[in-house]
2 protein chains.
Amino acid sequence: MQQGRQTWKAVRERIHDWILSGRYGPGDKLPKDSELALQMDCARSTIQRAMQDLSDSGIIERRRKGGTHVRKNPLVRATLDIPVTRHEIEGRGGQYGYQLIEKVQRPPTRAVQAALGMAEPQDMLQIVCLHLSDGRPYTLENRWVSIETVPDILQVDLTRENANEWLLKNAPYTRFELKFYALNADEKTAELLSVQQGSALLAIERATWVDEAAITTVTAITAPGYQLLSRS
Amino acid sequence: MQQGRQTWKAVRERIHDWILSGRYGPGDKLPKDSELALQMDCARSTIQRAMQDLSDSGIIERRRKGGTHVRKNPLVRATLDIPVTRHEIEGRGGQYGYQLIEKVQRPPTRAVQAALGMAEPQDMLQIVCLHLSDGRPYTLENRWVSIETVPDILQVDLTRENANEWLLKNAPYTRFELKFYALNADEKTAELLSVQQGSALLAIERATWVDEAAITTVTAITAPGYQLLSRS
DNA sequence: TGACACAATATGTAGCTACATATTACGAAT
DNA sequence: ATTCGTAATATGTAGCTACATATTGTGTCA
């Protein structure tokens, strides 16, 4: 870090302190960038970078011409990294295993249609599979793939290759949504994951699109004890 | 967006496409910024911004002198917004309610010590409370506050004021960690949340620090059906 | 051979200018 | 009074230069 110059991180902390100390409360308008630049004796670009970062963190809101305001409702903004299951398992020293359970072409359920925002339901490929760590069930994956968007999926040998990794390589997405919730293991899930029926399990649901076309939606039901951690 | 000039977002997409198309695979080294700037006929600062964004998204890794590499393990990086419970409830048109259930000064459990990384356990303030939406239980909060870091907490009337909101105003944190998992409702939890014993519930655990000093750790157990969504 | 100092190098940051863009504010016209 | 076009304005972005910093690589000396 330089000595005599202001760093944008220092500027960010200074402004953040103003907000934390209550000098600028929720909803208050902050001075415009050029004014702060003058006041803090630095370039507007430095202020801009600091402000952008505070905006990304959900602390302030900026609008052209409207100016910069402290967010009315403070919030905690966290970043989560969701790795490919194989890497997650191997990363902690486990032996990755994979098992295809079901693969059927059929019309999507209402829930799947809703998750992907599909107007005209066409046949999709449903794939149920199990990821194992050292031979023990790790996550149970229930996936629906759009045949229209990804026709090549029908040619893939899913008994050997994992649909998730194939899709990542062959059908990159431009947008995605995630959803987390808890559910009680039903009979089938309990059997496949080798847990007691009724166990509380964490479900991670993901939907992906390329532009506006739906690619896939997948619900990964994790084995008991699974925890999702925020980054750093 | 300007016409004749390259935007950093366009540059980002172009580089991203190289990666998606396999032109640069996992672990591959990308040309240095100045080279790309020449190649794409734009300023290095534009490349820098694009690269920074790709780096933030977890797609590439940059190291000074080491250069820029495509990440070996692709991952999904998501951003979550966790609002203050009151705002969350009011934001969806509900009537917010609050109820203090327990408030005791006592030594922390091993789990709490571990969560906050405390070396020498001292008495903390344990606060159990319930957040309600339209009179129905919404989340059950089990909180431990460091009396050493936040002595003023002892003077607060927690039957009227919510510890979370008081802490946000009076003990701003510099670092936090989040953890999500599923659990089965035990007898006490089931009663307080008015759900059947054994119901699967989503737990959101948060720990906060100011510099290295622990402030608080809180486990929010949400009512059934609660879903956590990734931002935009 | 090994340790250590130092040069080389790619990214990171600050400052400047110029222009783009979104949105508010205002004034004219109906 | 309401609608609409236009000017004013604060933020957003691109390009340039200069320098900082981290890390790799290399050469020197014991």
Side-chain angles (χ1 to χ4, degrees), chain A residues 1-16 18-19 24 26-72 77 79 231-232, chain B residues 1-16 18-19 24 26-72 77 79 231-232:
Chain A
M1 202 66 46
Q2 293 103 322
Q3 300 296 329
R5 308 165 96 169
Q6 295 266 25
T7 70
W8 66 267
K9 287 182 181 179
V11 169
R12 182 194 57 191
E13 286 320 305
R14 209 161 142 191
I15 297 170
H16 196 182
W18 288 352
I19 296 169
Y24 290 95
D28 286 0
K29 182 172 185 171
L30 288 161
K32 63 184 178 189
D33 293 10
S34 52
E35 215 164 287
L36 287 173
L38 215 75
Q39 198 177 319
M40 296 199 184
D41 189 37
C42 66
R44 180 166 82 86
S45 51
T46 306
I47 302 285
Q48 159 76 14
R49 242 176 291 189
M51 288 297 207
Q52 201 50 251
D53 193 74
L54 286 168
S55 177
D56 287 345
S57 305
I59 293 167
I60 60 173
E61 284 176 319
R62 317 195 82 203
R63 270 193 350 276
R64 281 174 167 165
K65 164 83 183 178
T68 304
H69 293 257
V70 178
R71 269 191 77 103
K72 305 136 307 286
R77 183 161 292 171
T79 304
R231 202 167 78 83
S232 93
Chain B
M1 205 65 45
Q2 292 105 318
Q3 300 295 330
R5 308 166 96 168
Q6 294 266 28
T7 70
W8 67 268
K9 287 181 181 179
V11 169
R12 182 195 56 191
E13 285 319 305
R14 212 163 140 190
I15 297 170
H16 196 183
W18 289 352
I19 295 169
Y24 290 96
D28 285 0
K29 182 172 186 171
L30 287 161
K32 63 183 179 189
D33 293 11
S34 51
E35 216 164 286
L36 287 173
L38 215 75
Q39 198 176 321
M40 296 199 186
D41 189 36
C42 66
R44 180 167 80 87
S45 51
T46 306
I47 302 286
Q48 159 77 12
R49 244 177 290 189
M51 288 297 208
Q52 200 49 252
D53 194 73
L54 286 168
S55 177
D56 287 345
S57 304
I59 294 167
I60 60 172
E61 284 177 319
R62 317 195 84 204
R63 271 196 348 277
R64 280 174 169 167
K65 163 85 183 180
T68 305
H69 294 257
V70 179
R71 269 192 75 103
K72 304 136 307 287
R77 183 161 292 170
T79 303
R231 201 167 77 85
S232 93

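For clarity, every value in this text was computed on a predicted model and none was experimentally measured.
Map A:R63 and A:W8 each onto its nearest nucleotide of DNA chain C; the residue landing nearer the 5' end is A:W8. Residues A:S45 and A:T68 each lie close to DNA chain D; by heavy-atom proximity, the contact nearer the 5' end of the strand is made by A:T68.
To the nearest 0.5 Å, atom CD of residue B:E61 and atom CZ of residue B:R71 are 4.5 Å apart.
Rounded to an integer number of Å, the gap from A:I47 CD1 to C:dA14 P is 11 Å. Rounded to a whole Å, the CG atom of A:D41 is 8 Å from the P atom of C:dG15. In this structure, A:Q52 atom CD and C:dT13 atom C1' are separated by 16 Å, rounded to whole Å. Here D:dA14 presents its P atom at 9 Å from NZ of B:K9, a figure rounded to the nearest Å. Atom pair A:Q48:CD and C:dT13:C1' shows a separation of 15 Å (rounding to whole Å applied). B:E61 places its CD atom 13 Å from the P atom of D:dT23, with the value rounded to the nearest Å. Between the CZ atom of B:R12 and the C1' atom of D:dA14 there is a distance of 16 Å, given to the nearest Å. Rounded to an integer number of Å, the gap from B:D53 CG to D:dT13 P is 10 Å.
Residue B:R62 has a polar side-chain atom (N or O) positioned under 4.0 Å from OP1 or OP2 of C:dT11.
Here the side chain of A:R44 is nearest to one of D:dC16, D:dG12, C:dT11, namely D:dG12. Comparing C:dA14, D:dT13, C:dG15 against the side chain of A:T7 picks out C:dA14 as the nearest.
Within residues 26-40 of chain B, no residue has any heavy atom closer than 4.0 Å to DNA chain D.
Proximity of A:I15 to A:I60: side-chain heavy atoms (C-beta onward) are nowhere separated by under 4.5 Å.
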Anything under 3.5 Å between a protein N or O and an N or O of nucleotides 5-8 of chain C, put it in a table, one pair a line.
none

With a 3.5 Å cut-off and sequence neighbours excluded, list the donor-acceptor pairs that the side chains of residues 35-56 of chain B form with protein atoms.
residue : atom : partner : partner atom : Å
B:Q48   : OE1  : B:R62   : NH1          : 3.1
B:D53   : OD2  : B:R12   : NH1          : 2.7

